[in-house]
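Values in this document were obtained by computation on a predicted structure and should not be read as measured data.
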Amino acid sequence: DYGRIRPWCRRCDDGARIVAGPDALQLHSPPPLEQEDGAWCARFTVRRGERVAFMLTWHNAWRDGPAQRDAGRSLRQTERFWRKWGRRYMQSNPWRDEVLRSLLTLKSLSDDRTGAVIAAPTLGLPEIPGGVKNYDYRYTWLRDATFTLYAMIHSGYHDEARMWRNWLIDTTAGDPARLQPVYRVDGACRITQQKAHHLRGYERSQPVLIGNKAWRQTQMDGYGEVINGVHVAHEHGLAMHQEDFDEQIGMVEYLEDHWQKAGTGLWERGKHVGAYTHSQVMVWVAVDRVARLIENSTFEGDAARWRALADSIHAHVCDYGFDRKRNTFVQRYGSRAIDAAALRMPIVGFLPADDPRMLGTIAAIEKHLCRDGFVWRYGEEDGEVPEEGSFLVCSFWMVEILVMLGRKQEATEMFQRLLDVRNDVGLLSEEYDPGSGRLRGNFPQVFSHVGLVNAAHRLAAD
C-alpha cells in the first residue's frame with residue numbers, strides 16, 4: 001500500500017516470509033538472516049569467482065509460497081528469451097543498436113496478456129523537481145497508438161502490433177461518446193486518483209499522485225489515434241474484420257455531430273479547455289482514414305459522405321487554427337500560443353511539410369520552442385515556454401520533419417544529440433533539461449522511445 005503498511009515478517013528455514021495485507025514476499029537467502037532494528041540482515045563473504053543468489057518472489061498472501069527455483073537457470077532463460085526476441089529485428093541501419101534498445105524497452109512496457117503498452121512503469125517522478133507535476137504514468141494512453149504501431153510494424157514485430165491493435169479495438173468499442181484518453185492495461189475505465197501525503201516525494205516533489213484523473217478528460221484526438229492505428233495495421237497486412245470497420249463507422253458517425261467539441265488537448269491542459277488544433281487535425285485523420293478505407297477496399301460505405309466531412313474539417317482547421325498574420329498554426333482556436341504538436345501534421349498527412357503554412361509553423365517552432373537544440377512542447381500566450389524540460393518526443397518529431405524537408409544533415413545532428421542524452425543503459429525519460437543535463441519526468445517513457453524508433457527509420461529510409 002505504497003509504504004503505509006508495516007509488513008509482518010517471520011524467518012523460515014531458507015530465508016523469510018513477508019506479508020502485508022493481500023500481498024506476500026518469499027525471500028530465499030543462502031546465508032542466515034538476522035533481525036536488526038526491524039530489518040532483516042545477512043552478513044557473508046563472497047570470494048573471487050563465487051556467486052551468491054538471493055530470490056525475492058511475490059505471491060498472494062492466502063496461498064503457499066512458490067517452490068524454490070534455480071536462480072542461475074532462471075537468469076539464463078530470461079537472457080535467452082530477450083536475445084531471441086531481439087534477433088527478430090532484421091533491419092540494417094546506422095542506429096540499429098539504439099533502435100533495438102528502444103524496441104526492447106517498448107516490449108518490456110507491454111502487458112504480455114493484453115498487448116496494452118503503458119506510458120511508463122513509474123509514478124511521482126517530477127517534470128519540475130520540487131514542483132507539483134508528479135503524475136502516475138502506469139496506464140495506457142490512446143495518444144501512443146499510431147506511433148507505437150508504426151514502430152512495431154516497421155521493425156518487424158507483427159505479433160506485438162496485432163495484440164496492441166486488438167486491445168485498441170476491444171477497449172474502445174461501445175459508445176463513442178465515452179471514449180477516454182487513458183485506460184488501465186486490462187481495458188478498465190476507472191482510474192481513481194489520490195494524493196499520497198505520507199510520501200516525501202522525489203527531491204521533495206509533492207504531491208505524489210497515485211492514479212490519474214486524466215481518464216475523465218475529453219481529448220478529441222483519441223478518435224483519430226484509434227482509427228489511424230487500425231488503418232496502419234490494415235495497410236501492413238493485419239486483417240481488419242467487418243466488426244472492426246463497423247466500430248470505425250460508429251466513431252465517425254459520432255464525430256459528424258460532435259467534431260467541434262471542446263477538449264483539453266494532447267498535453268491535457270485541464271485549465272485551458274477549447275478547440276485544440278492538433279485535436280481537430282486528428283479528428284480529420286479519423287474521418288479521412290474511413291473515407292480512404294471505403295475508397296480503396298471491399299468494405300462498403302458512403303465514401304462521398306465521409307470525404308465531404310473530412311474536407312470540411314480540413315478547411316475549418318486551416319481557417320481557425322492558423323494565424324495568417326504570423327503564418328503559423330496555433331495551439332488552439334483563438335490562441336496565439338505555438339504548439340510542437342503541429343509537427344505531427346505532415347507526419348499524419350494533413351499537409352505536406354513544404355506547404356507554406358507548415359514552413360511558417362516549423363520556423364515559429366524553431367524560433368520560439370527550441371533551446372540548445374531541443375524542442376519544448378508548447379509556449380504560453382506571451383511566448384514564454386514552461387519551466388519544465390524539453391519534451392523529447394517533440395524533438396524526435398522535428399527530426400522527422402527535417403528529413404521530410406530534405407535537411408538531412410541537420411536531422412542527423414539533432415538525432416545524435418538526442419541519443420547522447422540517454423542514460424548509461426540507453427533509456428530516456430519524458431523530458432530533458434539541457435541546463436542541468438538531467439532527464440525529467442517518468443522513466444522510461446514509451447513516447448520518447450517510440451519517437452526514437454520512428455525517427456531512426458525515417459532517417460535510414462531517406
Exercise. Does Arg190 CZ have over 12 foreign heavy atoms under 6.0 Å away?
Worked result: no

For this session: List in chain and number order the residues that pass side chain to side chain contact (heavy atoms under 4.5 Å, CB included) with Ala291, two or more places apart in sequence or in another chain; answer none if no residue qualifies.
Result: Glu295, Trp306, Arg307

Problem set entry | Shortest non-hydrogen contact from Met220 toward Ser279 | CB-CB, 4.1 Å

Exercise. Under 3.5 Å, is there a donor-acceptor pair linking the side chains of Gln242 and Asp246?
Worked result: yes

For this session: For atom CZ of Arg216, decide whether the heavy atoms of other residues, nucleotides or ligands shown that lie under 6.0 angstrom number more than 12.
Result: no

For this session: For the pair Asp175 and Arg178, find out whether any cationic side-chain nitrogen is under 4.0 Å from an anionic carboxylate oxygen.
Result: no

Exercise. In Å, rounded to the nearest 0.5 Å, how long is the span from CD of Glu366 to CD1 of Ile362?
Worked result: 7.5 Å

Problem set entry | Short side-chain donor-acceptor distance under 3.5 Å, Tyr137 and Glu430 | yes

Exercise. With a cut-off of 6.0 Å (strictly less than), are more than 12 heavy atoms of other residues, nucleotides or ligands near NZ of Lys195?
Worked result: no

For this session: Check the surroundings of atom CZ in Phe322: do more than 12 heavy atoms from other residues, nucleotides or ligands lie under 6.0 Å from it?
Result: yes

Exercise. Is there a side-chain contact between Arg73 and Gln77, using heavy atoms and a 4.5 Å cut-off?
Worked result: yes

Exercise. Got a donor-acceptor contact below 3.5 angstrom from the Ser110 side chain to the Leu106 backbone?
Worked result: yes

Exercise. When you measure from the side chain of Ser395 to the backbone N and O of Phe374, does any donor-acceptor pair fall under 3.5 Å?
Worked result: no

For this session: Look at the side chain of Arg96 and the backbone N and O of Tyr89, then say whether any donor-acceptor pair between them is shorter than 3.5 Å.
Result: yes

Exercise. What residues form a side chain to side chain contact (heavy atoms under 4.5 Å, CB included) with Val132, not counting sequence neighbours?
Worked result: Pro207

For this session: Without swapping roles, check the side chain of Asp244 against the backbone of His241 for a donor-acceptor pair under 3.5 Å.
Result: yes

Problem set entry | Euclidean distance, Leu402 CG relative to Arg458 CZ, rounded to 0.5 Å | 11.5 Å

Exercise. Can you check side-chain hydrogen bond (donor to acceptor under 3.5 Å, both in side chains) on Arg357 and Thr361, steps first, answer last?
Worked result: CA-CA 6 Å; Arg357 292 163 293 185; Thr361 303; over 6 Å; no

For this session: Say whether, by atom type as modelled, one donor and one acceptor occur between the side chain of His231 and the main chain of Ile227 under 3.5 angstrom.
Result: no

Exercise. Which one of Arg143, Arg289, Arg344 satisfies the salt bridge (Lys or Arg N to Asp or Glu O under 4.0 Å) criterion with Glu225?
Worked result: Arg344

For this session: Check Ala411 against Leu459 and note the closest heavy-atom contact, atom names and distance.
Result: CB-CD2, 3.9 Å

Exercise. Just by modelled atom types, is the Val330 backbone N or O under 3.5 Å from a matching donor or acceptor in the Thr277 side chain?
Worked result: yes

For this session: On the 0 to 90° scale, with breaks at 30° and 60°, tag the Phe350-His314 ring pair as parallel, tilted or perpendicular.
Result: parallel

Exercise. From Trp284 CH2 over to Asn228 CG, what is the distance, rounded to the nearest 0.5 angstrom?
Worked result: 9.0 Å

Exercise. Under a 4.5 Å cut-off applied to non-hydrogen side-chain atoms, are Ile153 and His158 in contact?
Worked result: yes

Problem set entry | Whether Ser390 side chain and Tyr432 backbone form a donor-acceptor pair below 3.5 Å | yes

Exercise. Considering residues, nucleotides and ligands other than Arg69, do more than 12 of their heavy atoms fall under 6.0 Å from its CZ?
Worked result: no

For this session: Show your working on side-chain hydrogen bond (donor to acceptor under 3.5 Å, both in side chains) between Asp420 and Gln416 and close with a plain yes or no.
Result: CA-CA 6 Å; Asp420 290 343; Gln416 187 58 54; 3.0 Å; yes

For this session: Kindly compute the distance separating CH2 (Trp95) from OG (Ser102), expressed to the nearest 0.5 Å.
Result: 13.5 Å

Exercise. What's the spacing between Ser312 OG and Asp319 CG if we round to 0.5 Å?
Worked result: 11.0 Å

Exercise. Does CD belonging to Glu300 count more than 12 external heavy atoms closer than 6.0 Å?
Worked result: no

Exercise. Only one of Trp85, Trp164, Tyr150 clears ring-ring contact (aromatic ring centres under 6.0 Å, His included) with Tyr157; which?
Worked result: Trp85

Exercise. Any donor-acceptor pair under 3.5 Å linking the side chain of Gln280 with the backbone of Trp259?
Worked result: yes

Problem set entry | Straight-line distance of Gln219 CD to Thr264 OG1, nearest 0.5 Å | 4.0 Å

Exercise. Mind checking whether Trp215 and Arg184 have side chains closer than 4.5 Å, heavy atoms only?
Worked result: no

For this session: Flag the pair Asp144 / Val117 as yes when at least one side-chain heavy-atom distance between them is below 4.5 Å, and no otherwise.
Result: no

Exercise. Using a distance-only test with no angle check, is there a side-chain donor-acceptor pair under 3.5 angstrom linking Asp339 and Trp267?
Worked result: yes

Exercise. In terms of side-chain geometry, is the basic nitrogen of Arg162 or Asp159 positioned less than 4.0 Å from the acidic oxygen of its partner?
Worked result: yes

Exercise. Going through the checks in order, is the ring pair (Phe, Tyr, Trp, His ring centres under 6.0 Å) test met by Phe245 and His234?
Worked result: CA-CA 11 Å; Phe245 175 72; His234 178 66; 9.7 Å; no

Exercise. Is Lys107 salt-bridged to Glu160, cutoff N-O under 4.0 Å?
Worked result: yes

For this session: Look at the side chain of Asn442 and the backbone N and O of Tyr135, then say whether any donor-acceptor pair between them is shorter than 3.5 Å.
Result: yes

Exercise. Given side chains that start at C-beta, do those of Leu209 and Leu123 come closer than 4.5 Å, heavy atoms only?
Worked result: no

Exercise. Is the shortest heavy-atom distance from the side chain of Ile169 to the side chain of Glu243 under 4.5 Å?
Worked result: no

Problem set entry | N/O donor-acceptor pair under 3.5 Å between Ser448 side chain and Ser429 backbone | yes

Problem set entry | Close side-chain approach of Leu149 to Val230, heavy-atom, < 4.5 Å | no

Exercise. Are the side chains of Asp136 and Ile191 in touch, meaning some heavy atoms are under 4.5 Å apart?
Worked result: no

Seminar exercise, completed: Closest heavy-atom pair, Val287 versus Ala310, reported as atoms and distance to 0.1 Å, is CG1-N, 3.7 Å

